[in-house]
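If you read the sequence from its start, that first residue is 1, and numbering goes on from there. We use all heavy atoms of the structure for the numbers below, so side chains are in, but hydrogens, waters and symmetry mates are not.
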Amino acid sequence: MAISFKEQIDNFSNDFYINTAYIPYIVNGPECADGLSADEQKKIDDFLDKWSYVDCSEEMLDSPDFGECRICGMQAAVTRATFVNKEAVREEEQRRETDEKLSELSSENAKNFKQVYESHVSRPEFQQHPRMKEIFRAKRADVFVDAERRGIVLKPEERAIDSNRDKPNGNDRER
């Protein structure tokens, strides 16, 4: 589910101070890399992998401030520029898409989904890597939605998730 540009600006944008020499490269791309080192271009490209350029302060381009550039961390003539966090937008789009899928579930499958999801995300792996929660939620939602379409009601196991860890499987037998 796509998020409107206005909502991206309202909810996922940040203003950063950027070296004024970087603005042409950011706006127009590599053809405007005159005077920039390969290292500076790489730093800009790495930054633009995470952030989408929106706008910059035109009046500050004419009379920039002196301060720390967000991209290179060095003191320079800087201008304020607005960027949108690409990853935050992707995560929100995924969350909304998952919510939409989950809204299709029957009340029983929705309750079972919630129980399975919450039992998994309470585990240490998810506590150590909180961004995995939404990815897991989306994958698990796909499983429940697919089962729902096939007329299957998925139910959580009665025993704890870790109960099978200590049980030997068929491959552990001696010959």
Side-chain angles (χ1 to χ4, degrees), residues 1-105 110 113-146:
M1 175 177 270
I3 297 175
S4 72
F5 185 68
K6 181 185 180 333
E7 187 178 352
Q8 288 182 31
I9 300 298
D10 292 345
N11 298 324
F12 304 104
S13 69
N14 287 66
D15 288 341
F16 298 120
Y17 286 93
I18 305 297
N19 185 330
T20 56
Y22 296 172
I23 298 297
Y25 182 89
I26 291 169
V27 173
N28 301 310
E31 60 272 5
C32 294
D34 296 340
L36 298 179
S37 69
D39 185 48
E40 288 176 308
Q41 290 178 40
K42 180 173 178 357
K43 286 180 181 179
I44 295 169
D45 290 338
D46 289 347
F47 182 81
L48 292 175
D49 284 345
K50 298 173 184 153
W51 298 92
S52 292
Y53 171 77
V54 176
D55 196 13
C56 72
S57 172
E58 300 265 339
E59 61 274 359
M60 283 187 74
L61 282 174
D62 296 332
S63 58
D65 287 342
F66 189 77
E68 183 178 331
C69 172
R70 169 67 178 198
I71 294 174
C72 69
M74 305 293 288
Q75 297 291 316
V78 294
T79 188
R80 189 177 66 248
T82 304
F83 293 86
V84 170
N85 184 325
K86 291 178 182 180
E87 193 168 322
V89 170
R90 277 193 300 269
E91 288 173 358
E92 179 63 15
E93 287 173 340
Q94 182 179 36
R95 187 192 65 73
R96 289 180 184 187
E97 184 178 313
T98 302
D99 286 348
E100 190 174 308
K101 286 178 186 176
L102 292 173
S103 71
E104 300 172 16
L105 294 178
F113 170 84
K114 183 177 180 185
Q115 185 178 358
V116 168
Y117 172 75
E118 288 176 356
S119 70
H120 277 79
V121 298
S122 64
R123 298 179 63 174
E125 301 89 59
F126 287 98
Q127 302 307 317
Q128 294 166 0
H129 305 285
R131 298 171 87 194
M132 285 178 34
K133 288 180 183 180
E134 193 56 42
I135 294 167
F136 176 77
R137 183 173 178 260
K139 298 289 185 194
R140 197 57 43 209
D142 288 341
V143 171
F144 273 79
V145 168
D146 186 49

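- Side-chain contact check for V54 versus F5: some heavy-atom pair is nearer than 4.5 Å.
- Note: K43 NZ to L48 CG = 14.0 Å, rounded to the nearest 0.5 Å.
- Judged as a side chain to side chain contact (heavy atoms under 4.5 Å, CB included), and not counting sequence neighbours, the contacts of A110 are L105.
- Under a 3.5 Å cut-off, the side chain of Q41 and the backbone N or O of L36 do form a donor-acceptor pair.
- Taking 4.0 Å as the cut-off between side-chain N and carboxylate O, K101 and E97 count as a salt-bridged pair.
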Stepwise salt bridge (charged side-chain N to carboxylate O under 4.0 Å, His left out) test for R96 and E100:
CA-CA 6 Å; R96 289 180 184 187; E100 190 174 308; over 6 Å; no

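- A donor-acceptor pair is defined here as one N or O able to donate and one able to accept, closer than 3.5 Å; such a pair exists between the side chain of H120 and the backbone of V116.
- Note that SG of C56 is 11.0 Å distant from CG of D15, once rounded to the nearest 0.5 Å.
- In this structure a side-chain-to-backbone donor-acceptor pair under 3.5 Å is present from Q127 to V121.
- For the atom pair OG1 (T98) and NZ (K139), the distance works out to 10.0 Å, reported to the nearest 0.5 Å.
- K50 is not listed as a side-chain neighbour of F83, based on a closest heavy-atom distance of 4.5 Å or more.
- Within the structure, ring-ring contact (aromatic ring centres under 6.0 Å, His included) contacts touching residues 60-82 (residues at least two apart or in different chains) do not occur.
- In this structure, CD on E68 lies 10.5 Å from CD1 on I18, to the nearest 0.5 angstrom.
- Using a 4.0 Å cut-off between a side-chain N of Lys or Arg and a carboxylate O of Asp or Glu, R95 and E91 do not qualify as a salt bridge.
- Counting non-hydrogen atoms of other residues, nucleotides and ligands closer than 6.0 Å to CE of M132 gives a total above 12.
- For F144, the ring-ring contact (aromatic ring centres under 6.0 Å, His included) criterion is met by F113, not counting sequence neighbours.
- Residues passing the ring-ring contact (aromatic ring centres under 6.0 Å, His included) test with F126, sequence neighbours excluded: F136.
- Here R137 pairs with D99 in a salt bridge; the nearest charged N to carboxylate O distance falls below 4.0 Å.
- Taking CG of N14 as the reference point, atom CG of N85 lies at 7.0 Å (rounded to 0.5 Å).
- Evaluation of the ring-ring contact (aromatic ring centres under 6.0 Å, His included) rule for F12 yields no partner, not counting sequence neighbours.
- Distance check: D49 CG to D46 CG gives 6.0 Å after rounding to the nearest 0.5 Å.
- Applying the side chain to side chain contact (heavy atoms under 4.5 Å, CB included) criterion to V143, with sequence neighbours excluded, gives R140, L154.
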